Amino acid sequence: MAPTKAPDSSRRSDRSRRAIHDAALALVVEVGYGKTTIEGIAARAGVGKQTIYRWWPSKAAVLLEAFTDLGDRAAEAAGEVHGLPDTGDLAADLKRVLRATVDELNDPAIEAPTRALTAEGIVDPKLGAEFTEKLLDPQLQFYVTRLRAAQEAGQLRADIDPRIALELLIAPLTHRWLLRTLPLTHAYADAVVDYALRGLSADD
């Protein structure tokens, strides 16, 4: 008789963690962050709520990890090379990226957790710092790298600070999306790039 193989606890933990991630993301989209609870996530994932509390201190922490993991999985599945495109045409590259950002922010699967984490990060400084460190700063660094390349190519003034310059590109989208002042569209993203570059271009 063949010996009984012991269960792989690490594999079971990975499955449970993924189920919890998926449950948290789904519930935030379906019922909103305010109505999402640890109990609800546990029931949806098919685990005990103590399992969640053993790994995370709050539902916000669950959502942050789930959202981070979602982005990593999407990039891996797409074989995505991290960084902004660099075709030599700065305006076209930035428009491509901002259009993709518009599409993401208009996608309920991305919009709901992003809004929840943004709002929670305002009242929870620790979560806000973690959200910035894990999700925002890496993305912002891509812009810095691309803008510095444009500086080296003589497409932007040598004296600009790329960290400030990138805010001229992403802050308008964030403002319109966060406050819902007007629709977030590709045309708006293109206009933001045009407006920003006219002020940053090395040409007179």
Side-chain angles (χ1 to χ4, degrees), residues 63-65 67-107 109-204:
L63 183 60
L64 177 58
E65 185 177 301
F67 196 47
T68 302
D69 181 62
L70 177 66
D72 291 343
R73 280 188 281 164
E76 183 179 347
E80 188 174 305
V81 177
H82 290 300
L84 269 64
D86 188 349
T87 65
D89 185 335
L90 179 61
D93 292 344
L94 291 175
K95 287 177 182 180
R96 176 182 172 187
V97 172
L98 290 193
R99 282 182 171 219
T101 300
V102 165
D103 292 340
E104 287 184 354
L105 293 176
N106 285 329
D107 179 352
I110 302 296
E111 178 184 21
T114 302
R115 284 190 182 279
L117 290 168
T118 300
E120 195 68 16
I122 293 173
V123 298
D124 183 342
K126 183 178 179 181
L127 178 74
E130 192 174 356
F131 179 52
T132 298
E133 177 186 355
K134 291 184 175 180
L135 292 175
L136 297 184
D137 279 347
Q139 298 297 322
L140 297 180
Q141 189 57 44
F142 295 151
Y143 281 89
V144 170
T145 300
R146 181 64 184 88
L147 291 172
R148 281 181 177 156
Q151 281 180 307
E152 293 171 1
Q155 297 171 334
L156 296 179
R157 296 201 323 260
D159 64 329
I160 68 164
D161 181 339
R163 186 57 179 77
I164 295 175
L166 71 87
E167 292 178 354
L168 300 177
L169 297 162
I170 61 174
L173 269 68
T174 302
H175 178 273
R176 181 173 285 204
W177 171 78
L178 192 60
L179 300 181
R180 296 187 173 97
T181 54
L182 289 168
L184 198 59
T185 65
H186 285 181
Y188 177 66
D190 290 351
V192 166
V193 172
D194 289 338
Y195 281 31
L197 291 185
R198 284 172 188 168
L200 301 176
S201 176
D203 297 330
D204 292 332

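Note: hydrogens, waters and symmetry copies are ignored here, and every other heavy atom, side chains too, is used. Just so we're clear, the structure is a prediction, and the values are computed from it rather than from any experiment.
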Output the distance between atom [atom1] ([X]) and atom [atom2] ([Y]), rounded to the nearest 0.5 Å.
X: L117; Y: I122; atom1: CG; atom2: CD1; result: 11.5 Å
X: H175; Y: L182; atom1: NE2; atom2: CG; result: 10.0 Å
X: K95; Y: D89; atom1: NZ; atom2: CG; result: 8.5 Å
X: L64; Y: E130; atom1: CG; atom2: CD; result: 5.0 Å
X: L94; Y: R146; atom1: CG; atom2: CZ; result: 6.5 Å
X: L156; Y: L197; atom1: CG; atom2: CG; result: 6.5 Å

query: Can you check side-chain contact (heavy atoms from CB on, under 4.5 Å) on E111 and D107, steps first, answer last?
result: CA-CA 6 Å; E111 178 184 21; D107 179 352; over 6 Å; no
Shortest non-hydrogen separation from [X] to [Y] and the atoms involved:
X: Y188; Y: L184; answer: CD2-CD1, 3.9 Å
X: T132; Y: P138; answer: O-CD, 4.1 Å
X: P162; Y: L147; answer: O-CD1, 3.7 Å
X: L127; Y: G121; answer: CD2-N, 4.1 Å
X: I170; Y: L140; answer: CD1-CD2, 3.2 Å

Sub-3.5 Å donor-acceptor pair from the side chain of [X] to the main-chain atoms of [Y], do we have one?
X: R176; Y: P183; result: yes
X: D93; Y: L84; result: no
X: D86; Y: A149; result: no
X: E104; Y: I110; result: no
X: R99; Y: A189; result: no
X: N106; Y: V102; result: yes
X: W177; Y: L105; result: yes
X: R115; Y: L178; result: yes

field: salt bridge (charged side-chain N to carboxylate O under 4.0 Å, His left out) between D159 and R157, worked out
entry: CA-CA 5 Å; D159 64 329; R157 296 201 323 260; 2.9 Å; yes
message: If you apply the rule side-chain contact (heavy atoms from CB on, under 4.5 Å), what do you find for I160 with I164, and how did you get there?
response: CA-CA 8 Å; I160 68 164; I164 295 175; over 6 Å; no
Test log, rule side-chain contact (heavy atoms from CB on, under 4.5 Å), inputs Y143 and V97: CA-CA 10 Å; Y143 281 89; V97 172; 3.3 Å; yes
query: Do NZ/NE/NH1/NH2 and the carboxylate oxygens of D161 and R163 come within less than 4.0 Å?
result: no
- request: Please step through side-chain contact (heavy atoms from CB on, under 4.5 Å) for the pair T118 and F131, ending with a clear verdict.
  value: CA-CA 8 Å; T118 300; F131 179 52; 3.9 Å; yes
